[in-house]
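Atoms within a ligand are numbered from 1 in the order they appear, just like the ligands themselves. Here the structure is a predicted model, which is why all the values come from computation and not from measurement.
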Amino acid sequence: MSRHIKIFDTTLRDGEQSPGCSMNKAEKLDVAFQLEKLGVDIIEAGFAISSRGDFESIEAISENIKNSRICSLSRAIRPDIEAAANAIRKAESQRIHTFIATSPIHMEHKLKMSPDKVVEAAVGAVSFAKSFVSDIEFSCEDAGRSDWNFLVRVFNEVIKAGATVLNVPDTVGYQTPEEFGALIKYLSDNVSGIENVDISVHCHNDLGLAAANSLSGVLNGATQIECTINGIGERAGNTALEEVVMAIKTREDSYNCHTNINTKEITKSSRLISSITGSIVQANKAIVGANAFAHEAGIHQDGILKMRQTYEIMDAEMVGLTTNSLVLGKHSGRHAFVAHLKTLGYDLEKEASEKAFVRFKTLADKKKTIRDDDLHAIVSDDSQQTIETYVLEGVNVQSGTSTTPTATVTLSKNGSPVTKTETGDGAVNAIYSAIDAIIGESADLEDYIIQAVTEGIDALADVTVRIKENDRVFTGKGSSTDVLVASAKAYLMAINKRINRRDNPRVKAHI
Ligand code: KIV
Ligand code: ZN
């Protein structure tokens, strides 16, 4: 049997930390359920001390997830560790992840601590964490730029203090695969007792090498990979789960190891993250991009038709990609609808399935052919469980070459409707001005993106909007066959998220 490589998913912590990717509690819980289905070994559910919202999300995930270990991040200080231990206390299987920086530049300029003090803090943190749970992961932040012998010293000491996982982060994405592999080998050869603990790799993608570096780590002894869905994360992101998992599966002959990931859940996981965060996956992204299994060139198409393997190294079905077939129509009933959702992997609760069915019927009235992608959009529309302080009741627009674009919008708050009419440079601008007029404040619009979910003139439009307040970005998404309605829904969702956040602020900055 080949080596088992543990998959430690940090979408809800490192991924969520990146601009525009913040999620609320209900969204995080949805993601956690999907990660459990995907089969990840460990879910890093958040950074408990960073906010009340993060703490409550970790608690909720701990109470609900049974098949993955739940982990919270903490700096190497007691209040962080206590918060982490508290947040995961109801999880069936628990881990505390504590870290301190070990590179000269971080120790001198950020921590302003001597190397001796850093070792002392690391050991103190691990021993303290060990008084709450048995599984303790310790990370040397910026290990990629740390002195190798100092890493050996720190890891030797934390193993003695009870660490069960040694994580080696390339925090700034500076490493090359050769160098990083050599570092992992050096640690494997020189840290006492390392054979009894997991060696973990945590790579950032600043040079586009995160997956390559992680895999090089595996070839040199790493037993755990830290990664995120779609590679979301700080700056250029983290190692993409789908890339390392499919590389290990497709090239088992090279890597001689396996993961527990149910690869058929990859596409669904990718779509869920993209839909919740509004972070759109580039079309040519490996494994989950829209073009990852598309063939345009005539020679390629010809080859594929003759024998799929001529131009495809993976079967699209292996990652859960179904043919985007014509599935349902206006006359399809509830049974057929629910049954088809099941084939796409959605087993919805009664209330959610009822809501999705109503949305399906509304769409089927407007659109002749409903395809799988429409159904994914219909279902994901309900995963945006933002508390709706303002509800969109109606939007009407007048616009054209010889009229000033004018929008009349009705929103209700606590059941009371308010209507305002405003003009703008264009129809969307007029709608947003009317919404601002009702709410009584405007928003700093960072991004406005329209995507067609399916092909054809009656395609569902997906609009993603990002608004900014101070250093926080709020993402809203809306879909409709009408681009203007989708635009209004997306903007309002971002505004409602901003209101939710004001009611539930982060009490501390991130790391
Ligand atoms: O990139 C990093 O160093 C981290 C640590 C907190 C593990 O995310
Ligand atoms: Zn990181």
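Proximity of a side-chain donor or acceptor of Arg145 to a complementary backbone N or O of Gln175 within less than 3.5 Å is not detected. The backbone N or O of Phe474 lies less than 3.5 Å from no partner atom in the side chain of Lys468, so there is not a single donor-acceptor pair.
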Test log, rule side chain to side chain donor-acceptor pair (under 3.5 Å), inputs Gln34 and Ser269: CA-CA 6 Å; Gln34 180 56 32; Ser269 309; 3.0 Å; yes

Check against side chain to side chain donor-acceptor pair (under 3.5 Å), Asn238 and Asp14: CA-CA 8 Å; Asn238 289 62; Asp14 217 332; 3.1 Å; yes

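Comparing Glu141, Glu234, His202 by heavy-atom distance to atom 4 (C) of ligand 1, the nearest is His202. Nearest residue to atom 3 (O) of ligand 1 from Thr171, Leu73, Thr98 is Thr171 (criterion: closest heavy atom).
Residue contacts with ligand 1: Glu226 is excluded, as none of its non-hydrogen atoms falls under 4.0 Å.
Side-chain contact of Ser139 with Asn167: a donor-acceptor pair under 3.5 Å is present, judged by distance alone. No hydrogens or angles considered: a donor-acceptor pair under 3.5 Å links the side chains of Ser146 and Thr102.
Put simply, Glu234 stays out of reach of the Zn ion (ligand 2), with no N, O or S atom under 2.8 Å from it.
Of all atoms in ligand 1, numbered sequentially from 1 with element shown, those under 4.0 Å from a heavy atom of His204 are 1 (O). Near Asp14, the atoms of ligand 1 lying under 4.0 angstrom from a non-hydrogen atom of the residue are 8 (O).
Under 4.0 Å from ligand 1, the heavy atoms of Arg13 that appear belong solely to its side chain.
Taking the Zn ion (ligand 2) as reference, Asp14 places its N/O/S atom OD2 nearest.
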